[in-house]
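These notes concern the structure reproduced below.
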Amino acid sequence: MRAQCAKLSANDISHYQTVADRRILELEATRDLSRIWLHVDMDAFYAAVETLSNPSLKGKPMAVGGMSMISTANYEARRFGVRAAMPGFIACKLCPELIFVPTDFKKYTHYSELTRKVFEKYDLNFLAASLDEAYLDITEVCKERGMSGGEIAEELRKGVNEETGLTCSAGVAPNRLLAKVCSDINKPNGQFVLPNDRLAVMTFISSVPIRKIGGIGKVTEHILKDAFGINTCEEMIQKGGLLCALFSHSTAGSHCLVFFLSVGLGIGKTDTPQVRSRKSISSERTFSATDDEALLYQKLASPVGIVLAADIADMLCTDMKKEGLCGRTLTLKLKTASFGFLASLQFLLAFHLTVEDMIKVRRYAPLLMDSRRAMLCTCPTKAGSRGMTWTVDKILTSCILQEMVRSRAVTLEKYICSCEDILKHASKLLKAELPISLRLMGLRVSHFNEDKIGAPSDPTQKTLTNFIVSGDSSSHELLHYGIRDPVDSNNQRDLDVHHCTSIDNVEAEKTHEPSSNKIADKVTAKNMLGEVSQCKEAGLSLPGQIEGKSADRTNQVIMDNEAVFSSEQRDELVWVDDYKCSLCGIEMPSNFVEERQEHSDFHLAERLQKDESSIDSRTSTLRQRLFFIYAMYTYIYDQ
DNA sequence: GCGGATCAC
DNA sequence: TATGGTGATCCGC
């Protein structure tokens, strides 16, 4: 975005500034100062509830959660820097005295209900944002009782305290966006009132840091700061021209111009939306990374007879039954083990990576993670290619250490809710990903039965599969092209897996390295030093030890390899009669452009694999093989 | 409709 | 030793 900013001419900027100014005027015209909204936020809710049921915790630093993750911490613990969403073992280091209390949602739900009974007295249609937060439209109650927003807030907070013994904070403002910001100002056990006055709102919002705004998270904050120099809401307006030039004009979304400008103006929603029904239901578990297929299947569902608590499909099914839901889209979520640090280190050392290169590595990381897919897949993550500015630090953390999340979904013809159905389709989704090493799996069902209400679709219209199978279609031969119901594509998948077994050698080969690069390898200082010295032995040059082997030379080698691949092997695939693959005989019409490309890639991958093993037997220093793998991925990625 | 990404709590 | 779980939404195919 910075680059795009730089490209703008003075003319462009003044043009966009005009457009932005017009938008600002339009938005200003929509400003609604007629409502009074109140945002209530319970203070350290879970921690406070736990203290209530165990008063001996009072005054001591305490956190709700475990060694893996903390949900919330009381104010004593916060003084040490302990925060929600912090891993427990880190919190321990910050505060060795810290007391841990496991989460108990039953308790929190109970107290949440008590608070909501109080909220109801002020707004029957209040919006519950979570167990411990709610928005109330107190316009009417203020009028009826002739009280100010501040007075109502005082009374409500007192009521909550009497009812529960807990304290809360409140913000009163003309809209929800502002009310939320306000409730944070005098936290804990305090309140802040922003009057329904345009000047007051503008003065208030001008100095608010953008991160305080709901919807602006870590990433958006970083983009706005880094690319536009926007730190406060006021600057949203000042840099309106730039924002206008680079953000979409769509009317919704937290990443659109209208949203950013309204934040700058302190404009937010004032309506009471109708209660929205849920759109999906899911269950997921984190576990210690494994690539054991039986174990992975077992995480989805235990073998018959053995019921484990951590059975994802069963948990989901139970929840669905509770809510009486049936859905027809099933999504499998996967979190792969973190990208091996040692593997990354080898890349760094081998290629003297610049920042640019590191971005590439991140792009290739998913390919490296999963060599089988890498050969067929042409879609690595695009995150690194969006022109975001990356600090070296950011790259190191996200490129090397960040785990990768994927999802795979099917939409079925029938609505499902039984554990068997969920499991059947989930297993197929998982099967297509094997082999893989995972540390999390999750299942989500969406596209519920009720979704249809109000949808313009014609229930009598047949699906494509039905259309073909039922014989309405005159082109029965379509079936001969291998078009199947995706749900029933097991055979095809099996074929892929079979074809790809040879490719797994890339991965298998790694285990023959002097020290293995297995995913989720433990990284210790000792380990790392050992690895570096082994890199040396294997002929890898290290920074500062480079003679003729400069980064340029490295690039040259890669480019040479690329050139060879492109000229010789790219065109060797011939479609006989423009129809049949000369290598394996598979039939594919010429208009299946992408499918054909993928098919060629597959044969290419096969070929590369063979080449690599022959090189491996001839010479093969670690360095050479890294070159080879790098070039291979580069080529496939570019394809 | 799918998959990645972001966000809230 | 060790960095969660649930749900929503948006964007670009």
Side-chain angles (χ1 to χ4, degrees), chain A residues 41-42 44-46 64-72 83-93 100 102-103 105 108 112 128-134 180 211-223 247-248 250-256 259 276-289 310 312 315-316 319 323 328-335 337-338 366 377-386 388 397-398 401-413 429 439-448 451 457 463-464 486 520 522-524 594:
Chain A
D41 192 342
M42 302 301 295
F45 185 52
Y46 298 174
V64 176
M67 279 305 164
S68 293
M69 185 55 64
I70 287 175
S71 288
T72 192
R83 293 285 181 279
M86 178 183 274
F89 68 96
I90 303 271
C92 270
K93 287 184 182 159
F100 285 86
T103 48
F105 277 93
Y108 314 144
S112 179
S130 64
L131 284 181
D132 76 319
E133 271 182 51
K180 166 97 177 146
R211 186 64 160 85
K212 293 276 177 193
I213 304 297
I216 297 184
K218 200 173 62 173
V219 177
T220 312
E221 178 193 29
H222 196 242
I223 293 173
F247 285 99
S248 82
S250 79
T251 46
S254 56
H255 245 182
C256 78
F259 174 72
R276 284 175 301 179
S277 56
R278 73 150 80 223
K279 293 175 180 57
S280 72
I281 186 165
S282 68
S283 172
E284 66 187 60
R285 289 278 158 272
T286 297
F287 42 83
S288 50
I312 298 167
M315 299 246 346
L316 177 59
D319 290 349
E323 306 250 344
R328 53 184 282 248
T329 298
L330 180 71
T331 306
L332 175 69
K333 176 175 168 182
L334 309 169
K335 198 184 271 182
S338 58
C377 170
T378 51
C379 179
T381 176
K382 292 173 208 156
S385 59
R386 286 201 181 150
M388 205 193 285
T397 52
S398 40
L401 299 176
Q402 194 182 66
E403 68 256 326
M404 269 154 298
V405 178
R406 297 182 199 162
S407 67
R408 297 289 179 256
V410 267
T411 298
L412 311 161
E413 283 177 44
L429 290 171
R439 58 188 295 273
L440 173 146
M441 275 199 289
L443 290 173
R444 171 180 301 267
V445 172
S446 52
H447 212 140
F448 297 135
D451 285 5
S457 70
T463 62
L464 274 176
K522 289 174 191 169
V523 180
T524 62
E594 285 189 23

Which of parallel (below 30°), tilted (30 to 60°) and perpendicular (above 60°) describes A/F105 and A/Y46? perpendicular
Could you measure the distance from the CG atom of A/L429 to the CZ atom of A/R408? Nearest 0.5 Å is fine. 9.5 Å
Using a 4.0 Å heavy-atom cut-off, does A/L334 contact any base of the nucleic acid, only the sugar-phosphate backbone, or nothing at all? nothing
With sequence neighbours left out, what residues match A/S68 under side chain to side chain donor-acceptor pair (under 3.5 Å)? none
Say you pick atom C1' in C/dG4 and the same atom in B/dC7; how far apart are they, in whole Å? 15 Å
Short side-chain N/O contact to B/dG4 OP1/OP2 from A/S407, under 4.0 Å: yes
If you look at every strand shown and take non-hydrogen atoms under 4.0 Å, does A/T329 touch a base, only sugar-phosphate, or nothing? sugar-phosphate
Check this one for me: any side-chain N or O of A/R276 less than 4.0 Å away from OP1 or OP2 of C/dT9? yes
Between A/L412 (CG) and B/dC2 (C1'), how many Å, whole number? 14 Å
When rounded to the nearest 0.5 angstrom, what is the spacing between CZ in A/F448 and CD in A/E323? 8.0 Å
Could you list the residues that satisfy side chain to side chain donor-acceptor pair (under 3.5 Å) with A/S112, not counting sequence neighbours? A/R116
What is the distance, rounded to the nearest whole Å, between atom NE2 of A/H222 and atom P of B/dT6? 12 Å
Rounded to the nearest angstrom, tell me the gap between atom NZ in A/K279 and atom C1' in B/dA8. 16 Å
Heavy atoms under 4.0 Å, any strand shown: does A/I70 hit a base, just sugar-phosphate, or nothing? nothing
For A/K333 and B/dC2, what is the distance between atoms NZ and P respectively, to the nearest whole Å? 18 Å
Please determine whether a side-chain nitrogen or oxygen atom of A/T286 lies at a distance below 4.0 Å from atom OP1 or OP2 of C/dG5. yes
Please report, rounded to the nearest Å, how far the P atom of C/dG4 is from the CZ atom of A/F287. 12 Å
Quick check against the 3.5 Å criterion: does A/R328 have a side-chain atom that pairs as donor or acceptor with the backbone of A/T411? no
Rounded to the nearest angstrom, tell me the gap between atom CZ in A/F247 and atom P in B/dT6. 12 Å
Taking only N and O in the side chain of A/S280, is any of them less than 4.0 Å away from OP1 or OP2 of C/dT6? no
Can you check whether A/R439 has a side-chain N or O nearer than 4.0 Å to OP1 or OP2 of C/dA2? no
Rounded to the nearest angstrom, tell me the gap between atom CZ in A/R406 and atom P in B/dG3. 11 Å
Residue A/K335, side-chain atoms from C-beta onward, closest of C/dG5, B/dG3, C/dG4: C/dG4
By nearest atom, which of the nucleotides C/dG7, B/dG4, C/dG4 is closest to the A/R444 side chain? C/dG7
Counting side-chain heavy atoms from C-beta on, which of B/dG3, B/dC9, C/dT6 comes nearest to A/D132? B/dC9
Expressed in angstrom and rounded to an integer, what is the separation of A/L330 atom CG from B/dG1 atom P? 14 Å
The nucleotide from C/dT3, B/dG3, C/dA2 with an atom nearest the side chain of A/M67 is C/dA2
Once you apply a heavy-atom cut-off of 4.0 Å, does A/K180 come out as touching a base, just sugar-phosphate, or nothing? sugar-phosphate
A/S407 OG to A/R444 CZ distance, which is reported to the nearest 0.5 Å: 9.5 Å
Within the 4.0 Å heavy-atom criterion, would you say A/S283 contacts the bases, only the backbone, or no part of the nucleic acid? sugar-phosphate
From B/dT6, C/dT3, B/dC9, pick the nucleotide closest to the side chain of A/T220? B/dT6
Residue mapping more 5' on DNA chain C - nearest nucleotide basis, A/S68 or A/S282: A/S68
Contact class for A/G214 (heavy atom, under 4.0 Å): base, sugar-phosphate, or nothing? sugar-phosphate
Of the candidate nucleotides B/dC7, B/dA8, C/dG5, which contains the atom at the shortest distance from the side chain of A/R211? B/dA8
Looking only at side-chain atoms of A/R278, point me to the closest of C/dG7, B/dG1, C/dT6. C/dG7
